[in-house]
Amino acid sequence: MPELPEVEVLCHHLAPLLQGRVIRAVEVRRKKILAPTSEAKFRRALTGARFLTLERRGKYLVFTLRPPAAVGGDPFLLVGHLGMTGRLYLAKKSAPLPKHTAVVFDFGARRLVFEDPRAFGRMTLDASALDKLGPEPLSDAFTPAAFAAALRRSSQAVKVKLLDQSLVSGVGNIYASESLFRARISPRLAARRLKSAQVHRLWQTLRDVLGEAIAWGSTLPLQFDGGTSGGLFYFGRDPGAPDHDHERLLVYDRDGQPCVACGAPLRRIVQAARSTFFCPRCQR
DNA sequence: AACGCCGCCTGATCGC
DNA sequence: TGCGATCAGGCGGCGT
């Protein structure tokens, strides 16, 4: 499940590899991924276009492209989201495409593959989702004061509220639980009931947890030749590689295991139809 | 305006 | 052993 840190690492590695590349051909295998953009419009806009920049916004990938010279016009945005199971990688053209390939950009010897088994992801020309995003948690725009003001307006449990992308962008189910554990705040506490010291702790731990996850992800070997997906360059995890997430995360997916801080058994509860993991003793 | 709920998807896992 | 039911979850849309 890619959240802000995973998308950041992907973006960091992929940006220099895409810059300047021209899309020779576009293949769409799952139209739903483009929604609400039509396949015709998508192909028309992207065939012959050149990648200029790639940036992350929340959990979104924001590509800037220049239309082909024959068409002209200003640079435009292509917006990607990996959803639950999306993967994006640059591969040799000879490498087989995965079963749930959604979109392929042909560059000649290589191609950019967007694959997504559950199809919760998006690759679209509609950038409107970006307008609804709250501040970047690692930016100066994300201040304790603004965070506190937003929390005060909500009666929802703080864990649920952290998943609201209009509050702060990029936090998903994993880092919401991890941050609350580190801040020693109960996930069930109503957002508006947090004391000012708790708000400040949560503000700080959010930044710490996300920053550390980026640093951790940056150490992973993301480039390989001959992995299970056959990519020359691979981003978004090799499905055949061991997953070390479990060693790094302190509470996520650790129902019943001892808390690293106090030894009490960690618990799993369900909030807004999503799993929350926490220590009932450390987090009041 | 804020909130709760549903639908979208498929692979993994569970129970019989 | 095989198969159907259940679960997981980000986000948009909708009703309240």
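Here the structure is a predicted model, which is why all the values come from computation and not from measurement. The sequence lines fix the lettering, A, B, ..., with proteins before strands; numbering per chain opens at 1.
Contacts of A:R152 with the nucleic acid, taken as non-hydrogen atoms under 4.0 Å apart, are absent. Across all strands shown, A:S155 has heavy atoms under 4.0 Å from sugar-phosphate atoms exclusively, and none from any base. Across all strands shown, A:A129 has heavy atoms under 4.0 Å from sugar-phosphate atoms exclusively, and none from any base. At the heavy-atom level, A:K99 lies under 4.0 Å from the strands shown only through sugar-phosphate atoms. In this structure, A:R30 reaches the sugar-phosphate backbone alone: every heavy-atom distance under 4.0 Å involves primed, P, OP1 or OP2 atoms, never a base. Nucleic acid contact class of A:R122 (heavy atoms, under 4.0 Å, all strands): none.
Using a 4.0 Å cut-off between a side-chain N of Lys or Arg and a carboxylate O of Asp or Glu, A:E55 and A:R57 do not qualify as a salt bridge. Look at A:E136 and A:R56 and you find a salt bridge, because one of the NZ, NE, NH1 or NH2 atoms lies within 4.0 Å of a carboxylate O, short of that distance.
Between A:L82 atom CG and B:dC8 atom P the separation is 22 Å, expressed in whole Å. Distance A:K59 NZ to C:dG9 P: 12 Å, rounded to the nearest Å. A straight line from CG of A:L130 to P of C:dC11 spans 12 Å, rounded to a whole angstrom.
We find the CG-NZ distance between A:N173 and A:K159 to be 4.0 Å, quoted to the nearest 0.5 Å.
Applying the 4.0 Å criterion to OP1 and OP2 of B:dC3, one finds that A:S154 has a side-chain N or O inside that range. Of the side-chain N and O atoms in A:Y252, none sit less than 4.0 angstrom from OP1 or OP2 of C:dA8. Taking only side-chain nitrogens and oxygens, A:H100 comes nearer than 4.0 Å to OP1 or OP2 of B:dG11. Here A:Q165 does not reach the OP1 or OP2 of C:dG12: none of its side-chain N or O atoms lies under 4.0 Å away. Contact check, A:R153 against B:dA1: no side-chain N or O comes under 4.0 Å of OP1 or OP2.
No side-chain N or O of A:T85 forms a donor-acceptor pair with one of A:R118 less than 3.5 Å apart. For the residue pair A:T124 / A:T37, a side-chain donor-acceptor distance below 3.5 Å is found, with atom types taken as modelled.
No aromatic stack links A:F120 and the base of C:dC11, using centre distance under 5.5 Å and interplanar angle under 30°.
Residues A:F42 and A:L78 have side chains in contact (heavy-atom distance under 4.5 Å, counting atoms from C-beta outward).
Not one N or O on the side chain of A:T64 forms a donor-acceptor pair closer than 3.5 Å with the backbone of A:L52.
Residue whose closest nucleotide on DNA chain C sits further toward the 5' end, between A:Y60 and A:R268: A:R268.
With B:dC3, C:dG9, B:dG11 as the choices, the nucleotide that has an atom nearest any side-chain atom of A:Q156 turns out to be B:dC3.
Direction change of the helix axis from one end of the helix from B:dA2-C:dT16 to B:dC16-C:dG2 to the other is 50°, with five pairs defining each end axis (rounded to 10°).
Under a cut-off of 6.0 angstrom, the local environment of CG in A:D131 is crowded, with over 12 non-hydrogen atoms contributed by other residues, nucleotides or ligands.
In terms of polar N and O atoms assigned as donor or acceptor, the side chain of A:R118 comes within less than 3.5 Å of the base of C:dA8 in a complementary pairing.
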